[in-house]
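For clarity, every value in this text was computed on a predicted model and none was experimentally measured. Side chains are part of it too, since the values below use all heavy atoms of this structure and drop only hydrogens, waters and symmetry mates.
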Amino acid sequence: MYKSCFKRLIDVALSFIGIIVLAIPMLIVAVIIKIDSPGPVFFKQKRVGLHKKHFNILKFRSMPTTVPKDMPTHQFKAEDMLSNWQKFIRKTSIDELPQLFNIFGGSMTIIGPRPALWNQEDLIAQRDKYGANDVKPGLTGLAQISGRDELEIEVKARLDGEYVKKMSLWFDIKMFFGSIFYVLKRDGVVEGGTGAVHNAKEEVEAK
């Protein structure tokens, strides 16, 4: 029951509150983005949703417009292309805030596997092994508090599968507060790299 109606009710309530409370801060962020670099304030990108159906994720633009739109984060090599502001909003995950509208609209949930890019076939295939493509993608999840960009693709998928098996209200609460702590630490964001945490496989297998 939690996996459907109750979880959706929580998503609607919390995303609505978040949109109201963060409306002015998001407006300020939008103004700074417009001043900081040429280009649009928001960034839309095709991602993989529930049952591998595609949807457009909404983010604050945190890269120059010259970067290919569908490039996975771990393939981004030129960190020196980013302004200090762009590095800051990526490191603090401020660029993810517009996804509250995705959650309110029903294409995402608050806690769940991060939505893969439509062309990340390796990650999508790995998630199929663990049933992680059969739940809604989330704003944050188990992989995000376990290493984020530093994790290898296989380990990310395995952690996503671990979340699917343990999904419950209590587990979502733990993921929610764990994500806040992780963002405050500002760990796990590695531009141009993935799989730097080599002992992550052992940690997952030990669970």
Side-chain angles (χ1 to χ4, degrees), residues 2-4 7-8 11 43-59 62-63 67-77 79 90-91 93 95-96 99 102-103 106-168 170-172 174-176 178-179 182-183 185 187-207:
Y2 171 71
K3 296 180 181 180
S4 54
K7 187 172 172 66
R8 176 60 186 150
D11 285 340
F43 175 74
K44 288 184 178 181
Q45 192 177 53
K46 187 163 68 172
R47 297 288 183 109
V48 178
L50 179 64
H51 303 314
K52 295 190 282 191
K53 293 182 179 179
H54 293 163
F55 73 100
N56 287 319
I57 199 171
L58 186 63
K59 303 176 71 171
S62 63
M63 287 191 179
V67 176
K69 185 175 182 179
D70 292 325
M71 177 184 288
T73 301
H74 67 273
Q75 294 180 8
F76 181 67
K77 304 296 182 182
E79 186 180 1
R90 292 177 66 79
K91 191 74 171 178
S93 297
D95 60 319
E96 311 286 359
Q99 287 160 50
N102 286 113
I103 296 169
S107 56
M108 289 179 62
T109 183
I110 294 173
I111 308 296
R114 283 295 295 164
L117 271 166
W118 65 274
N119 58 0
Q120 283 184 288
E121 296 178 357
D122 50 353
L123 177 57
I124 296 167
Q126 288 291 330
R127 283 179 170 175
D128 269 336
K129 297 179 181 178
Y130 303 105
N133 290 317
D134 296 323
V135 296
K136 279 186 183 180
L139 181 64
T140 185
L142 184 57
Q144 278 58 57
I145 67 172
S146 303
R148 203 170 174 176
D149 295 333
E150 296 178 336
L151 296 177
E152 296 175 356
I153 294 296
E154 181 184 348
V155 179
K156 282 184 180 180
R158 198 176 301 182
L159 285 167
D160 291 335
E162 188 77 12
Y163 169 75
V164 173
K165 289 193 295 184
K166 294 183 176 180
M167 187 164 50
S168 66
W170 174 239
F171 198 58
D172 275 8
K174 288 174 65 177
M175 294 299 98
F176 181 81
S179 297
Y182 203 81
V183 168
K185 285 175 60 182
D187 285 345
V189 180
V190 181
E191 302 294 0
T194 186
V197 179
H198 298 294
N199 63 350
K201 288 183 181 179
E202 296 175 3
E203 293 174 359
V204 174
E205 291 169 354
K207 290 185 178 181

Given side-chain contact (heavy atoms from CB on, under 4.5 Å), test M175 with T140 step by step and report yes or no. CA-CA 8 Å; M175 294 299 98; T140 185; 5.7 Å; no

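- Note that the OG atom of S93 and the NZ atom of K59 stand 8.5 Å from one another [nearest 0.5 Å].
- Nearest heavy-atom pair, A132 versus V164, reported as atom, atom and distance to 0.1 Å: CA-CG2, 3.9 Å.
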Taking it one step at a time, do N56 and K46 satisfy side-chain contact (heavy atoms from CB on, under 4.5 Å)? CA-CA 5 Å; N56 287 319; K46 187 163 68 172; 4.2 Å; yes

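- Between K166 and K174, every side-chain heavy-atom pair lies at or beyond the 4.5 Å cut-off.
- Between R158 and E154, at least one side-chain nitrogen of the basic residue sits less than 4.0 Å from a carboxylate oxygen of the acidic one, meeting the salt-bridge criterion.
- Within the 3.5 Å criterion, the main-chain N or O of G138 finds a donor-acceptor partner in the side chain of R114.
- For F55 against P137, the heavy-atom pair with the smallest separation is CE2-CG, 3.9 Å.
- Expressed to the nearest 0.5 Å, how far CG of D11 lies from CD1 of I103 amounts to 6.5 Å.
- Heavy-atom minimum distance, Q126 versus I153: CG-CG2, 4.2 Å.
- Sorted by first and then second residue, the salt bridge (charged side-chain N to carboxylate O under 4.0 Å, His left out) pairs with a member in residues 123-133 read K52-D128, R127-D160; sequence neighbours excluded.
- In this structure a side-chain-to-backbone donor-acceptor pair under 3.5 Å is present from N102 to L58.
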Run the side-chain contact (heavy atoms from CB on, under 4.5 Å) test on L159 and K156 for me, step by step, so that the C-alpha distance in whole Å, both residues' side-chain angles and the decisive distance to 0.1 Å come before the verdict. CA-CA 5 Å; L159 285 167; K156 282 184 180 180; 5.9 Å; no

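- Under a 3.5 Å cut-off, the side chain of K7 and the backbone N or O of I111 do form a donor-acceptor pair.
- N133 and H51 form no side-chain donor-acceptor contact under 3.5 Å, judged by distance and modelled atom types alone.
- A heavy-atom distance below 4.5 Å is found between the side chains of P113 and Y163.
- Judged by distance alone, the side chain of K136 and the main-chain N or O of G106 form a donor-acceptor pair under 3.5 Å.
- Atom CD of Q45 sits about 4.0 Å away from atom CG of L117, to the nearest 0.5 Å.
- Put simply, the side chain of R47 never gets that close to the backbone of I57: no donor and acceptor are under 3.5 Å apart.
- By the 4.5 Å heavy-atom criterion applied to side chains, F176 and I110 are counted as neighbours.
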